[in-house]
Amino acid sequence: MASAASKALLSPTSRSSLLPLSSSSSSSSFSSSSASSVSFDRSRCRSRAPCFGQALRLAVPFRRISSLLDAARVTDLKIKATAAKPTVLVSEKLGDTGLALLREFANVDCSYNLTQEELCAKISLCDALIVRSGTKVTREVFEAARGRLKVVGRAGVGIDNVDLQAATENGCLVVNAPTANTVAAAEHGIALLAAMARNVAQADASLKAGKWQRNKYVGVSLVGKTLAIMGFGKVGSEVARRAKGLGMHVIAHDPYAPADRARAIGVELVSFDEAISTADFISLHMPLTPSTSKIFNDENFTKMKKGVRIINVARGGVIDEDALLRALENGTVAQAALDVFAEEPPSKESKLVQHENVTVTPHLGASTMEAQEGVAIEIAEAVVGALKGELAATAVNAPMVPSEVLSELAPYVVLGEKLGRLAVQLVGGGSGIKGMKVVYTSARSPDDLDTRILRAMVTKGIVEPISSVFVNLVNADYIAKQRGLRISEERVFHDGSPEIPLDSIQVHLANVESKFAGAISDSGEIVVEGRVKDGVPHLILVGSYSVDVSLEGNLILCRQIDQPGMIGRVGNILGGNNVNISFMSVGRTAPGKQAIMAIGVDEEPPKEALRKIGEIPAIEEFVFLKL
Ligand SMILES: NC(=O)c1ccc[n+]([C@@H]2O[C@H](COP(=O)([O-])OP(=O)(O)OC[C@H]3O[C@@H](n4cnc5c(N)ncnc54)[C@H](O)[C@@H]3O)[C@@H](O)[C@H]2O)c1
Ligand SMILES: O=C(O)[C@H](O)COP(=O)(O)O
């Protein structure tokens, strides 16, 4: 089942995938009037007999998890098998091995140096786009894709050139290649540190210009000097490791870095002010975000030791470049070594670039043969995997769930979506759905059950049948929120084996009328509950009636007075209309009282057959549902 869930959601022809998960809320509501169903309602009644409820209810704390979750509808797998090859646009140079991997699976269009207009013109023909830092993947690009673009692959770390919000809103997964260039960037940082301290670039240019300036290019030593690493992530910690080897005293500032990782390398984590005011060298390794933009500004340069030296292999935008120029001119900053710039390439007239105490490289941090091969392979695998609907462990705008969690939740993922799809088709009236609750019954401790993917799939199941927008797991939560669907979750403790992640999932839709009154529970909500049996999702509760049918194909629910011969009569009508019955189940409150008959059918019965079923006197209401 693992592969069933881990495949298909991003397949080019399928509508499914991954989601950024947080509860949605809003005051408006959304209507379910377009849900596909045919119903006949003689009386809107509410039955009694609750079939659950004695168990302990717990709030679900969400666990922080670290790799990507993908999930699927089994049917999508079938679609994928016959799908045409997807198209991948590669807009910047990518290593050969990565290209070869892509070509095995997709049509690959390598079009470099596209203008924004050219990119927008091409993108609606592409299922995936692979970029480095030179392509701006803006909202305009996502909108121009008109729903076809499923994945953007960033062949590198920084995703500041990709509009993640627009990607999410358009249901496009963004993946990056976060590890393959770490060492290259760290090595480049060390290269710039040493080159700057010993004036290598300046001396080289001078000698090539025919000069022999030994006194001019006396450098400074590194050993014993304090290096402040700003941003103690992958690159920062590798720079720290290497700088320790050069005999430097290394401190770091990173509000989010684990202290034990720093301790293990022999690095002290300090405050921002302490780092910049005590360091002889400052090396920047934080991402460019709204809070780090121009963080190195006039105010902070004045806090630095006079004669400090700065290295930036992170992003140009973290430095206010005008302020740096002023600091260089007034001597606060003795030297700077810059691989990255606020605008790339920087203007030829840039005084910063031309400054004699500034060493520059044209964004070469990741540019080693090894790193580029590694990045190309990493991103090609991630993009192909995402297009196949497999795990995308490096997704940046979707929840990350370890593959082992995914594989055990796989059948429940399918169940969640089917229950959502079923519940929404039971909605009647025009008031719209405002609240959805998902109740998980499990023997696991709340910490041991990550429900985000399940909630996402229920949401998808509810939203998709009533929405013309493309819904997948990347954007389902966002779309639900836009439509005013409030989502809550509950945990019910089940006294069973914790080896089994879930006993059942219930979906409640609150404040709604139902076109099938039997689906309304005592609490006044539409309730459906399902369970996975032998890997297959089953419906076990409708409203307050227990049933037991596998959730496959289509379903007819009939509420009737329990009496002999009902199954035969309905069966005859369907059989007479060439409709194959795959299963039947009757749930009743008591012999001779109200009952619900659930009938699985392979095809949609003709209207005439449904009308005849509705005319059976004992049948009080029925509804036809597509699963
Ligand atoms: N020049 C290049 O070619 C090149 C190559 C690789 C990476 N990079 C860039 O280097 C940067 C770091 O890459 P990485 O792979 O180490 O990323 P990373 O995510 O592993 O590390 C970034 C670290 O910065 C920290 N951080 C976030 N906000 C901070 C703040 N306000 N103050 C201090 N620390 C903060 C984070 O907690 C994290 O630990 C990124 O911007 C990336 O794009 C550039
Ligand atoms: O963030 C990164 O991975 C680096 O800045 C490398 O960017 P590049 O792929 O454009 O060289």
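For reference, positions follow the sequence shown, starting with 1. Only this structure's heavy atoms are used, side chains among them; waters, hydrogens and symmetry mates stay out. Order of appearance sets the numbers: ligands from 1, and atoms from 1 within every ligand. Not measured: the values here are computed from a predicted model.
Short contacts between ligand 1 and G158, defined as distances under 4.0 Å to a heavy atom of the residue, involve ligand atoms 43 (O). Interface atoms of ligand 1 facing H253, defined by a heavy-atom separation under 4.0 Å, are 32 (N), 33 (C), 34 (N). If you number the atoms of ligand 1 from 1 as listed, the ones under 4.0 Å from a heavy atom of N181 come out as 6 (C). Residue F232 has at least one heavy-atom neighbour below 4.0 Å for each of these atoms of ligand 1: 39 (O). Heavy-atom proximity to A366, at under 4.0 Å, picks out these atoms of ligand 2: 6 (C), 11 (O). Counting the atoms of ligand 2 from 1 in the order shown, those under 4.0 Å from a heavy atom of G156 are 3 (O).
The protein non-hydrogen atom at the shortest distance from atom 8 (N) of ligand 1 is V313 O, 3.7 Å. From the protein, the heavy atom lying nearest to atom 5 (C) of ligand 1 is A185 CB, 3.4 Å. In terms of protein heavy-atom proximity, atom 34 (N) of ligand 1 is closest to G231 CA, 3.4 Å. Ranking the protein heavy atoms by distance from atom 5 (O) of ligand 2 puts H363 NE2, 2.6 Å first. Summary of contacts: the protein heavy atom closest to atom 28 (N) of ligand 1 is Y256 CE1, 3.5 Å. The nearest protein atom to atom 35 (C) of ligand 1, hydrogens excluded, is given as M286 CB, 3.8 Å; this is a heavy-atom distance. Ranking protein heavy atoms by distance to atom 37 (O) of ligand 1, first place goes to D254 OD1, 2.8 Å. Looking only at protein heavy atoms, the nearest one to atom 11 (O) of ligand 2 is R132 NH2, 2.7 Å. Here the protein heavy atom with the shortest distance to atom 7 (C) of ligand 1 is V157 CG2, 3.9 Å. The closest protein non-hydrogen atom to atom 21 (O) of ligand 1 is G233 CA, 3.3 Å. Looking from atom 3 (O) of ligand 2 to the surrounding protein, the closest heavy atom is V157 N, 2.6 Å.
A salt bridge does not link K234 to E238: none of the charged side-chain nitrogens sits closer than 4.0 Å to a carboxylate oxygen. Note on R139 versus E169: salt bridge recorded, some NZ/NE/NH1/NH2 to OD/OE distance being below 4.0 Å. In this structure, D280 pairs ionically with K305, as a charged nitrogen and a carboxylate oxygen lie closer than 4.0 Å. Note on R326 versus D322: no salt bridge recorded, every NZ/NE/NH1/NH2 to OD/OE distance being 4.0 Å or above.
Where the criterion is an N or O separation shorter than 3.5 Å, residue side chain and backbone included, A366 meets it with respect to ligand 1. At a 3.5 angstrom cut-off on N or O pairs, G134 does not count as close to ligand 2. At under 3.5 Å, a nitrogen or oxygen of V235, whether backbone or side chain, sits near a nitrogen or oxygen of ligand 1. Checking only distances, R154 does come within under 3.5 Å of ligand 2, N or O to N or O. Of the polar atoms of A314, none of the N or O atoms is found under 3.5 Å from an N or O of ligand 1, judged by distance alone. Note: an N/O pair closer than 3.5 Å links K234 and ligand 1 by distance alone. At under 3.5 Å, a nitrogen or oxygen of G158, whether backbone or side chain, sits near a nitrogen or oxygen of ligand 2. The distance criterion of under 3.5 Å between nitrogen or oxygen atoms is not met by D160 with respect to ligand 1.
The heavy atom nearest to atom 1 (O) of ligand 2, out of those in R315, K93, E92, is found in R315.
A donor-acceptor contact shorter than 3.5 Å links the side chain of N397 to the backbone of C172. Using a distance-only test at 3.5 Å, with no hydrogens or angles considered, no donor-acceptor pair links the side chain of N181 to the main chain of G156.
Contacts with ligand 1 closer than 4.0 Å are made by heavy atoms of both the backbone and the side chain of P287. At a heavy-atom distance under 4.0 Å, no atom of V340 approaches ligand 2. At a heavy-atom distance under 4.0 Å, no atom of F272 approaches ligand 1. Contacts between S133 and ligand 2 below 4.0 angstrom, taking non-hydrogen atoms only, involve backbone and side chain alike. The proximity of H363 to ligand 1, defined as any non-hydrogen pair under 4.0 Å, is limited to the side chain. When non-hydrogen atoms are compared, ligand 1 lies under 4.0 Å from the side chain of D339 (C-beta onward) but not from its backbone. Here T292 has side-chain heavy atoms under 4.0 Å from ligand 1, and that is the only part of it that gets that close. With a 4.0 Å cut-off on non-hydrogen atoms, H285 touches ligand 1 through its backbone and not its side chain. In S367, neither the side chain nor the backbone holds a heavy atom less than 4.0 Å from any atom of ligand 2.
Under a cut-off of 6.0 angstrom, the local environment of NZ in K303 is crowded, with over 12 non-hydrogen atoms contributed by other residues, nucleotides or ligands. Dense packing is recorded around NZ of K244, with more than 12 heavy atoms of other residues, nucleotides or ligands lying under 6.0 Å away. More than 12 heavy-atom neighbours from other residues, nucleotides or ligands sit within 6.0 angstrom of CG on D260. Residue R198 qualifies as open at atom CZ: its count of foreign heavy atoms under 6.0 Å is 12 or below.
Counting heavy atoms from C-beta outward, H253 and I229 have side chains that stay 4.5 Å or more apart.
Evaluated for a side chain to side chain contact (heavy atoms under 4.5 Å, CB included) with L99, the options V88, I130, V108 yield exactly one hit, V108.
Heavy-atom separations between A155 and ligand 2 include at least one value shorter than 4.0 Å. Under a 4.0 Å heavy-atom criterion, P255 is in contact with ligand 1.
Distance check, rounded to the nearest 0.5 Å: CE of M248 to CZ of R242 gives 14.5 Å. With rounding to the nearest 0.5 angstrom, the CG atom of D320 is 5.0 Å from the NZ atom of K294. If you take CG on D127 and NZ on K85, they are separated by 12.5 Å, rounding to the nearest 0.5 Å. Atom CD of E373 sits about 3.5 Å away from atom OG1 of T97, to the nearest 0.5 Å. Here the NZ atom belonging to K93 is positioned 11.0 Å from the OG atom belonging to S367, to the nearest 0.5 angstrom. To the nearest 0.5 Å, the span separating CG on L328 from CZ on F301 amounts to 7.5 Å.
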- Can R444 and E408 be said to form a salt bridge (Lys or Arg N to Asp or Glu O under 4.0 Å), step by step? CA-CA 13 Å; R444 294 262 175 99; E408 72 165 7; 2.8 Å; yes

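Using the six-membered ring where Trp is involved, F296 and F272 have ring planes that are tilted, between 30° and 60° apart.
Annotation for S124 and R148: closest pair O-CD, 3.4 Å, computed over non-hydrogen atoms.
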